[in-house]
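Beneath this line is the structure, given in structure tokens, with notes to follow.
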Amino acid sequence: MSELSEPARSRALLIGAHSFADPGLEPLPAVSRNLTRLAELLGDQSVWGLAADHLRVLAEPDRDQALEEVARLADEAEDTLLVYYAGHGFVHELSNELYLALPRTNPQRLYSALRYQDIRELLLSPQTRARRKVVILDCCWSGLALHGTMSAPGLGGMSDISGTFVLTATSETRTALAPPGETYTAFTGELIGALEQGIPQAPPLLTMMTLYQHLYGSLVAKGRPTPQQRNGNTAGAIALARNRYRPPEAKSDPSVKDEPSGDAAAEKAADTAESRSARRRRGRLSRRTVVVLSAVLAATLGTLPVTWDAFFDEGGKGGSSDGGGSGDLASAKNRKNNLVVGIGVSVPLSGDLAGLGKGIKNSAELAVEKANDDAFVPGVTFKVQALDDKAQPATGQVNATKFVADPDVVGVVGPLNASVAGAIQQVLFAAHLPQISPANSAPELTLGTDWLGGTRSRPYDTYFRTVANDMAQAPAAAAYLYGKDERRRAFVIDDRQNYGQSMAEMFKAAFREEGGTIVGQGHVDYEQRDFTDEVERARSLGADVVYFGGEYPAAAPLSKQVHAADPDIRVAGGDGFLDNRYASLAGSGAAGDICTLGAAATESLKSAERFVTDYKKAGYAASYGPYGGYAYDATWALIRAFKEGVHVTGEKLPSTAREDLRKAVQEVKFDGVMGRVGFDRYGDAVTQRAQVYQVRDAAWKPV
């Protein structure tokens, strides 16, 4: 799990410019207040606890002074180095680079400003001792530090270096805000609020990814510029602050009489809770069980809030819209098998991707029910514990922390999104908790961050997947578009998420190898739905195909806008498109669009016939979707590995259960629903398949 960056071995530099000699530059008094309050909070023992000599504030520096301080603190810091800037930002007309305004900056002579590239080079210097780095930029166009023409091997390449997290107030095309009458700038004000008040439902330590997700939600809800982030490897888990949030204490009701003490009180409480539970929802935990498990989690997680309704929810059958679990823990213990073993599932159960997430959850439940009905592991009852990760990395980290804290959970199925996987891998790895994803395709999850450069190194030996990675998907799309569809000029867009960026990069290489030309590339926000600028660029550059690295909620409006501008341009993407709502949202112009899936079409496989029949018979409201069969196989891989590798004696799991299960998963082999199940030395599926789908008659059809 994440640990607080060690204050004694860390350093922070806060740079700001609030007054300017050039009359054309508006004063920014809020920036001065930003620096003062941030310095107070970072030095506060209840937040980070940096000593005064480890925290440097440059309120109105010149260029040389700013760079000298970056270099000095980069030499001193051994654990984490934080560099923050607030002020005006500029874009160089020729290089399109980001420049940071200083008091004497002349906008017509940007050499008088602080060039972000110079900061980057200092932080990446071999002399820099800090093993982790955080850069926070609160200025206009700050997203250029991540994307655009400054992406790798330009400035964005900084965030590809292990241990670096870059957080910006805006995208590369937006201005930042210093709202009149407000104490702080819009972005830093939200950051200060998170540090001052804490974040509800977040872990005891606020990681950079947790902070980003909070800032994103808060600022978007207020209609303010959307913050951006990019991080290398596990940098999202860097923690610079303790979570100050404390839930309000419930007030006692003087009208309630004292309860009996001792065992009689416990039994009465359990009976009362059960009667209330029966009125509200069948199948929930008894109060007594909740009290015991709450104590376990409280001892492990400290002040982390736990919502039990989310942790043990109802099954998703017969029209249920959410939930997770094939019966509650109490009822599971009443079965003839007396040892309950938990399998966690973290997927989106709400939002745009809920349909895909529920298909995974339901399929995992189906596998567990089959194993329990057959008493596949004598003396053991398996139980699915499904949590909604909302397709958000920070929420996924919270879920992973809950799974780790529950001693009954021995393995995890999921997540759906590669960006969530990147956020939770380290948490599960630290606890030896194996996870098998039925949907992630980003190669770096198994092959490491330099896989595209030819160096493969498995980051976490607890991570496995049952689907093919992007190395199978993108070439299939390129071959179909160039060979069968005769497309020659591609414009590529990604949504800045791990999955989207991976798919886009792989497609570019594969399409070029086929003989095609990449005419241009764009980067958009994950929540973006207006693609006017990107569509116009694609048309002006003569593209005959737009390839989008992203998911259907954004891909569908992109398709609609592309075809409204030019019906002859094809839209293509990966398995994130594969939902029939794509066609209905994109409209009739989407006919002919293609996507790929690093998997076979479930209905086409003879080995999947029984699964399809059993799933429909179970009466789940949500379809099993493209990943249901793989989730079923992933769950069975955990169950089979448990039987083969975990030796249970009596009614208690051995202390080595998770590690024993991890080792057994690595060796597991069987014929599954979707083909031969097994994992290579990187954790990738031994069966690598890619299927091309096309929109025909308003639905995706395999071609």
Side-chain angles (χ1 to χ4, degrees), residues 11-44 47-48 50 52 55-70 73 81-91 98-107 110 112-116 118-119 134-145 166-172 174-196 211-212 215 218-219 222 224-229 240-241:
R11 300 291 187 272
L13 174 61
L14 308 181
I15 305 172
H18 63 269
S19 63
F20 306 92
D22 190 290
L25 293 180
E26 178 185 2
L28 299 172
V31 167
S32 178
R33 297 190 287 269
N34 286 356
L35 299 180
T36 299
R37 186 57 183 144
L38 278 177
E40 292 172 350
L41 288 168
L42 295 178
D44 193 310
V47 181
W48 191 5
L50 278 183
L55 173 61
R56 183 78 163 100
V57 177
L58 294 180
E60 296 278 76
D62 59 31
R63 177 181 175 278
D64 290 344
Q65 183 183 11
L67 291 177
E68 181 60 33
E69 282 302 303
V70 173
L73 295 181
L81 173 62
L82 165 66
V83 177
Y84 165 92
Y85 170 84
H88 287 299
F90 299 99
V91 182
L98 176 65
Y99 281 75
L100 311 175
L102 299 172
R104 298 179 185 176
T105 292
N106 180 341
L110 286 185
S112 60
L114 180 59
R115 182 175 174 243
Y116 177 72
D118 293 335
I119 295 177
V134 174
V135 177
I136 302 177
L137 302 175
D138 187 358
C139 62
C140 300
W141 330 117
S142 52
L144 278 173
V166 183
L167 176 62
T168 69
T170 72
S171 69
E172 69 266 32
R174 291 292 303 273
T175 57
L177 290 181
E182 295 193 13
T183 305
Y184 310 112
T185 60
F187 171 80
T188 299
E190 293 294 337
L191 175 60
I192 287 172
L195 297 178
E196 285 180 337
L211 284 170
Y212 165 70
L215 296 176
S218 299
L219 290 165
K222 295 178 180 179
R224 293 182 167 180
T226 304
Q228 309 289 312
Q229 67 82 23
L240 301 182

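Worth knowing before you read on, the calculation uses all heavy atoms, side chains too, and leaves out hydrogens, waters and symmetry mates. FYI, the numbering just counts along the sequence from 1.
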Non-hydrogen side-chain atoms of [X] and [Y] separated by less than 4.5 Å:
X    : Y    : result
L82  : L50  : no
L67  : I119 : yes
F187 : L167 : yes
Y116 : L137 : yes
L211 : L240 : no
W48  : L195 : no

Mind checking side-chain contact (heavy atoms from CB on, under 4.5 Å) for V57 and listing every partner two or more places apart, or none if nothing turns up? L14, L35, A39

What distance separates [X] [atom1] from [Y] [atom2], expressed to the nearest 0.5 Å?
X    : Y    : atom1 : atom2 : answer
R104 : S19  : CZ    : OG    : 11.0 Å
E60  : I15  : CD    : CD1   : 12.0 Å
S218 : R224 : OG    : CZ    : 10.5 Å
R63  : L102 : CZ    : CG    : 9.0 Å
Q229 : I136 : CD    : CD1   : 12.0 Å

Give a yes or no answer on whether the side chain of H18 reaches the backbone of A86 with a donor-acceptor pair at less than 3.5 Å. no

Over all heavy atoms of both residues, which pair between [X] and [Y] is shortest? Give the atoms and the distance, please.
X    : Y    : answer
P225 : T170 : CB-CG2, 3.8 Å
A66  : L114 : CB-CD2, 4.0 Å
Y212 : Q228 : CE1-C, 3.8 Å
H88  : C139 : C-CB, 4.0 Å
A101 : A17  : O-CB, 3.4 Å
V31  : G16  : CG1-CA, 3.9 Å

Counting neighbours of CD on E196 that are heavy atoms of other residues, nucleotides or ligands and sit closer than 6.0 Å, is the number greater than 12? yes

Check the pair V70, L13 against side-chain contact (heavy atoms from CB on, under 4.5 Å), reporting the backbone distance first and the verdict last. CA-CA 7 Å; V70 173; L13 174 61; 3.5 Å; yes

Applying side-chain contact (heavy atoms from CB on, under 4.5 Å), run through T105 and D22 and close with a yes or a no. CA-CA 7 Å; T105 292; D22 190 290; over 6 Å; no

Steps toward side-chain hydrogen bond (donor to acceptor under 3.5 Å, both in side chains) verdict (S112, N106): CA-CA 6 Å; S112 60; N106 180 341; over 6 Å; no

Determine, stepwise, if the pair L191 / D138 fulfils side-chain contact (heavy atoms from CB on, under 4.5 Å). CA-CA 11 Å; L191 175 60; D138 187 358; over 6 Å; no

Give the intermediate values and the outcome of side-chain contact (heavy atoms from CB on, under 4.5 Å) for residues I192 and L38. CA-CA 7 Å; I192 287 172; L38 278 177; 3.9 Å; yes

Between E182 and K222, is there a side-chain N and carboxylate O pair less than 4.0 Å apart? no

